Amino acid sequence: MIPGKFITLEGLDGAGKSTHLSWLENILRSKGKAVVVTREPGGTPLGEALRELLLDNNGTMHAETEALLMFAARREHLDKVIFPALARGDWVISDRFTDASFAYQGGGRGLAMQKLDSLEQWVQGKFQPDLTLYFDVTVEVGRQRINAIKPADRFEKEQDAFFEKVRDAYLERAHKFPQRISVIDATQPLEEVKKSLDQIIISIC
Ligand code: TYD
């Protein structure tokens, strides 16, 4: 059996991940792959309950609580969804994964990256996505696209300065892990983004 791969999608709120995710799913299915699509925080009943608490825009929590809950949801997600799917030989596409914790809780909230490294090691050991697609947009473009879609959640309500730090942290991660993380300029017209995606997927299928 040819093993499936684990692909994660990342980007600022408003980067257009959802659109690109459907496109990616279709490409893989058209190549005959069994695909599991999932998301973080979430992906399991417990994870989705944690997501509600994490995104509730009336709620508040300490930045470390936020990070711990993200990783708690992830532990469950790996155990119940991601590892079993990969063991069956399926491909897994996750709308966000651990890079989001480094970007949002590390960059945005300013938590020490070392603490996040420890949580990552605890929750997933050396396990990493085979490929991460980082859809890069400026804070301004992301903001315009968020406003256009739906009421803002707790993260989307943050100021531009927060998202600048999130973006810097994502770009730093991409620089640190160039083999795994592909940066896609998501301010381009949709057709161009799709072309970039096609090329990247051909290289891993
Ligand atoms: P998002 O993926 O943007 O979902 P939607 O498209 O429905 O708005 O929302 C998830 C939010 O959670 C996003 O603002 C980023 C945040 N997040 C973290 O802060 N840390 C994490 O580890 C993860 C997985 C997400």
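Heads up: numbering here begins at 1 and tracks the sequence. The structure displayed is predicted, hence computed values, not measured ones. Atom set for the values below is all heavy atoms of this structure, side chains included, hydrogens, waters and symmetry mates excluded. Just follow the structure's listing: the first ligand is 1, and inside any ligand the first atom is 1.
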Ligand 1 N/O to protein N/O, distances under 3.5 Å:
unit_1   : atom_1 : unit_2 : atom_2 : d
ligand 1 : 2 (O)  : Lys17  : NZ     : 3.2
ligand 1 : 2 (O)  : Arg96  : NE     : 2.7
ligand 1 : 3 (O)  : Asp13  : OD1    : 3.2
ligand 1 : 3 (O)  : Arg96  : NH2    : 3.2
ligand 1 : 4 (O)  : Arg51  : NH2    : 3.1
ligand 1 : 7 (O)  : Arg51  : NH2    : 3.1
ligand 1 : 8 (O)  : Lys150 : NZ     : 3.1
ligand 1 : 8 (O)  : Glu156 : OE2    : 3.3
ligand 1 : 14 (O) : Asp13  : OD1    : 2.9
ligand 1 : 14 (O) : Asp13  : OD2    : 3.2
ligand 1 : 19 (O) : Gln105 : NE2    : 2.9
ligand 1 : 20 (N) : Gln105 : OE1    : 2.8
ligand 1 : 22 (O) : Arg74  : NH2    : 3.1
ligand 1 : 22 (O) : Ser101 : N      : 3.2
ligand 1 : 22 (O) : Ser101 : OG     : 2.6

Flag if over 12 foreign heavy atoms under 6.0 Å of CD, Glu48: yes
Heavy-atom closest contact (Leu28 atom, Ile93 atom, distance): CD1-CD1, 4.0 Å
side-chain contact (heavy atoms from CB on, under 4.5 Å) between Asp99 and Tyr134, intermediate numbers included: CA-CA 9 Å; Asp99 293 304; Tyr134 167 59; over 6 Å; no
Given Asp136, Val137, Val193, the one that forms side-chain contact (heavy atoms from CB on, under 4.5 Å) with Thr187: Val137
Lys NZ or Arg CZ of Arg173 over Tyr170 ring: under 6.0 Å, within 45°: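 No, a cation-pi geometry is absent between Arg173 and Tyr170.
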Charged N-O contact under 4.0 Å between Arg167 and Glu164: no
